Amino acid sequence: MNAPHPDAPARAHRLDALPFDNSFARLPGAFYTRLAPWGLPEARLVAVSDAAAALIGLHPEETATPAFVAAMAGNTPLPGSDTLAAVYSGHQFGAWAGQLGDGRAHLLGEVRTPHGPWELQLKGAGRTPYSRMGDGRAVLRSSIREFLCSEAMAALGIPTTRALSLVASDLPVPRETMETAAVVTRMAPSFVRFGSFEHWTANKRTDELQQLADYVIDRFYPAARDAANPAVAMLAEVSRRTATLMAQWQAVGFMHGVMNTDNMSILGLTLDYGPFAFMDGFDADHICNHTDRGGRYRYSAQPHIAHWNLHALGHALMPLIGDADALDTAIDTPFVETYNREFLARQGAKLGLTDTRDDDEVLIGRLLGLLHAHHTDYTLFFRALGELPAVAGTPAQDAPVRDLIADRAACDAWLASWRARLAQTPRPDAERRAAMHAVNPKYVLRNWVAETAIRAAQAGDFAPLHRIHACLQRPFDEQPENIEFAAPPPDWAQSLSVSCSS
C-alpha cells in the first residue's frame with residue numbers, strides 16, 4: 001500500500017455503514033488517549049467538499065442529512081469509529097517544544113477504500129489531554145481558511161490533507177476578539193508527523209519508536225521492508241517526497257507559515273493550514289506569519305527548513321539506524337537531488353519549456369530576481385506570460401507582461417532570453433499556451449479572497465464561500481464569471497495579516 005494514494009472515488013456507502021478499520025487505535029495505548037469529542041451546540045453545515053466525500057464513497061445525498069452534520073460536529077459517533085487523540089512532540093520555530101499532541105483534533109478512525117485508507121479527523125471538537133492551555137476549539141475564521149485551502153491545493157495537484165466538511169455554531173470562542181466555533185473534518189491516509197517519531201526518542205522509548213516505524217513502513221512504505229535497514233529506506237523516501245512537496249510549494253508561490261516538525265507529514269502531505277498565504281507581489285523573503293518575527297519560515301527558506309526538519313526526523317530515528325553516515329546519506333542525497341530536479345522541471349514548465357537544460361537555472365534566476373525587484377504579482381505574471389507569442393512582435397503584444405514590471409528595458413531583455421530559449425525547442429504557440437496554462441493557475445486562494453469569504457460568513461452569508469470554493473476547484477480554467485478572484489489585493493486588503501492565532 002503506497003501513499004499518497006490516487007484521488008479516486010470509492011464505492012458508495014451510507015454514512016452509517018462506512019467501513020472503518022481503526023489501525024492506529026490498535027497501537028498500544030501510549031500512542032493516544034481514547035475520548036469523545038465535545039461536539040457543537042446547534043451545529044449547522046456550512047460547506048462540504050463533494051470531491052473529498054467521493055474519496056470515501058459518500059454521495060451528496062448522504063452529506064446533506066442531519067445525521068452527517070451531527071457526526072461532523074462531533075455530536076454523534078459514527079458506527080465503527082474509535083475516537084482518539086494522538087500524542088506527539090516536536091520542534092517549534094527551531095526550539096524543542098516537548099510533548100504536544102492533538103490538542104483540538106479527534107481521530108475518528110480510518111475508512112477503507114480500494115485505493116487505500118482515509119483517516120477522518122475532527123479539528124476543533126474540544127479539549128484533549130494534549131491541549132495544554134488551549135480550549136480545544138477552532139474558530140470559523142481559521143476553519144474557513146483550512147477548508148478552502150485544503151481543497152484548493154488538491155485541485156492544484158499538490159499533496160495535501162483534504163477537507164470533507166465545515167460545520168459551525170454560535171458558540172462563543174475567545175481569541176484576540178470573541179469569535180464563534182467551527183469544526184473542520186479533515187482527511188488523510190495518515191496524520192502521523194515527524195514529531196510523532198521525535199516524541200518516543202525524546203522519552204527514550206525505543207520499543208514504541210520501533211512500533212511506530214513498523215506501522216508506517218508496513219502501511220505506507222512496504223518496499224522499505226526488504227531493505228537492509230527499513231528505517232533508512234523509509235527516511236530516504238520521506239526525504240524525496242518532502243523535497244518534491246517543497247518544489248511544488250515554491251512553484252505555485254505557497255507559503256506554509258509555520259513549518260514546525262509537528263506540522264510535517266510523514267507522507268509528504270501539506271499538513272495543518274494555519275498562517276499560510278499564496279504570494280501576491282513576489283518577495284523571495286516574504287514572511288506570511290506575523291508571529292514569525294525572525295522570518296524563519298519565509299518563502300525562500302522553506303526548502304532549507306524542510307531539510308532541517310528531515311534531520312530532526314533522522315535524529316529521532318537514530319536508535320533504529322545507528323549510523324550517522326547512513327542517516328545523512330538517506331536525507332541529503334535524496335532531498336538535494338529531488339528538489340533541484342523538481343524545482344527546475346516545474347519552473348521550466350511554467351515557462352513553457354519542453355525539457356530542462358543546465359543554463360535554465362540562469363534564466364529562471366534572472367526572472368525571479370526581476371519579479372522580486374519589482375514586487376510583480378507572481379500568479380498574474382506567469383499566467384500572462386503564457387499569452388505572449390514565441391516570436392517577438394510589437395510592444396503592444398507584450399503589454400500584458402510589460403505592464404507588470406516597471407523597468408520595461410529589463411523586462412524586454414529577459415523576454416528576449418526567454419524567446420531564444422523557446423526557439424531551441426519550438427512548438428506552436430497554441431500548444432505551448434495550453435501547456436503553460438495547465439501549470440500556471442489563474443486562481444489561487446489569495447488572502448484577500450479568503451477574507452472575503454470569512455467576513456461574509458461571519459455576517460451569516462455563506463454564498464461567497466461556496467462560490468470561492470467552486471472557483472478554486474478549477475484553478476487553471478479562465479472562468480470569466482469569477483475573474484475578480486484573480487486580481488491582486490484591493491486597497492482594503494493591503495494590511496491583512498495572519499498569525500498562529502486560531
Side-chain angles (χ1 to χ4, degrees), residues 156-158 243-244 246-255 278-286 298-304 335-395 397-442 444 476:
L156 288 167
I158 298 174
T244 299
M246 291 304 105
Q248 291 174 294
W249 283 6
Q250 301 301 99
V252 79
F254 175 78
M255 295 163 283
F278 284 88
M279 191 73 74
D280 291 314
F282 186 76
D283 177 357
D285 295 319
H286 183 71
R298 65 192 182 277
Y299 170 78
S300 60
Q302 289 186 139
H304 166 73
F335 186 88
V336 173
E337 290 183 353
T338 301
Y339 179 78
N340 288 343
R341 181 183 66 251
E342 291 290 332
F343 179 81
L344 190 62
R346 292 176 188 282
Q347 292 292 340
K350 290 174 73 67
L351 297 179
L353 309 182
T354 59
D355 61 359
T356 56
R357 304 184 180 188
D358 291 341
D359 55 357
D360 290 342
E361 293 184 24
V362 176
L363 181 68
I364 293 166
R366 283 179 56 204
L367 172 60
L368 296 180
L370 186 65
L371 300 183
H372 177 86
H374 296 278
H375 208 56
T376 304
D377 190 280
Y378 187 77
T379 303
L380 288 180
F381 175 87
F382 281 102
R383 192 70 180 194
L385 186 66
E387 294 295 327
L388 269 53
V391 176
T394 65
Q397 288 178 301
D398 289 348
V401 167
R402 296 179 85 239
D403 289 348
L404 297 173
I405 298 176
D407 188 341
R408 302 296 178 84
C411 178
D412 291 341
W414 183 85
L415 286 175
S417 299
W418 171 66
R419 285 178 163 126
R421 176 64 179 86
L422 290 179
Q424 295 176 9
T425 53
R427 56 176 166 168
D429 275 343
E431 177 186 325
R432 176 187 51 79
R433 181 181 300 111
M436 292 177 69
H437 283 355
V439 297
N440 291 316
K442 177 111 176 174
V444 295
F476 303 103

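Remember, it's a predicted structure, so these values are computed and weren't measured experimentally.
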Query raised in the report: Do you know which two heavy atoms are closest between Asp360 and Asp355, and how far apart they sit?
Result: OD2-O, 3.8 Å
**Report entry** side-chain contact (heavy atoms from CB on, under 4.5 Å) partner of Trp414, chosen from Asp407, Leu363, Ile405
**Finding:** Leu363
Query raised in the report: How far does CG of Asp280 sit from NE2 of His375, to the nearest 0.5 angstrom?
Result: 7.5 Å
Query raised in the report: What is the minimum heavy-atom distance between Phe381 and Val401, and which atoms define it?
Result: CE1-CG1, 3.4 Å
Query - Side chains of Leu422 and Val391 in contact at under 4.5 Å (non-hydrogen atoms) - result: no
Requested in this report: Mind listing the closest non-hydrogen atom pair of Arg346 and Ala251 along with its distance?
Outcome: CB-CB, 4.0 Å
Report summary line: Output for pair (Gln248 CD, Ile158 CD1), nearest 0.5 Å, gives 5.5 Å
Query - From Ile364 atom CD1 to Asp359 atom CG, the distance as rounded to the nearest 0.5 Å - result: 10.0 Å
Query raised in the report: Measuring from Phe282:CZ to Leu404:CG, what's the distance to the nearest 0.5 Å?
Result: 14.5 Å
Query - Gln347 vs Phe382 side-chain heavy atoms within contact, under 4.5 Å - result: yes
Query raised in the report: In Å and rounded to the nearest 0.5 Å, what is the CG to OG1 distance from Leu351 to Thr356?
Result: 12.0 Å
Query - Smallest separation among heavy atoms of Ala390 and Asp429, with atom names - result: N-OD1, 3.1 Å
Query raised in the report: Would you say the side chain of Arg366 lies within less than 4.5 Å of the side chain of Leu370, judging by non-hydrogen atoms?
Result: no
**Report entry** Thr379 side, atom OG1; Lys442 side, atom NZ - distance, nearest 0.5 Å
**Finding:** 11.0 Å
Report summary line: Residues Arg408 and Arg402: closest non-hydrogen pair is NE-O, 3.0 Å
**Report entry** Side-chain donor/acceptor of Arg383 to backbone N/O of His437, under 3.5 Å
**Finding:** yes
Query raised in the report: Would a distance-only check, ignoring hydrogens and angles, find a side-chain to backbone donor-acceptor pair under 3.5 Å from Gln250 to Tyr299?
Result: yes
Query - Sidechain-backbone polar pair: Arg298 side chain, Asp283 backbone, donor-acceptor under 3.5 Å - result: no
Query - Distance-minimising heavy-atom pair for Thr425 and Arg357 - result: CG2-NH2, 3.4 Å
Query raised in the report: Can you find a pair of side-chain heavy atoms, one from Leu156 and one from Phe254, that are under 4.5 Å apart?
Result: no
**Report entry** Any Trp249 side-chain heavy atom under 4.5 Å of Met246 side chain
**Finding:** yes
Requested in this report: Look at the side chain of Arg432 and the backbone N and O of Thr354, then say whether any donor-acceptor pair between them is shorter than 3.5 Å.
Outcome: no
**Report entry** Working for side chain to side chain contact (heavy atoms under 4.5 Å, CB included), residues Val444 and Tyr378
**Finding:** CA-CA 11 Å; Val444 295; Tyr378 187 77; over 6 Å; no
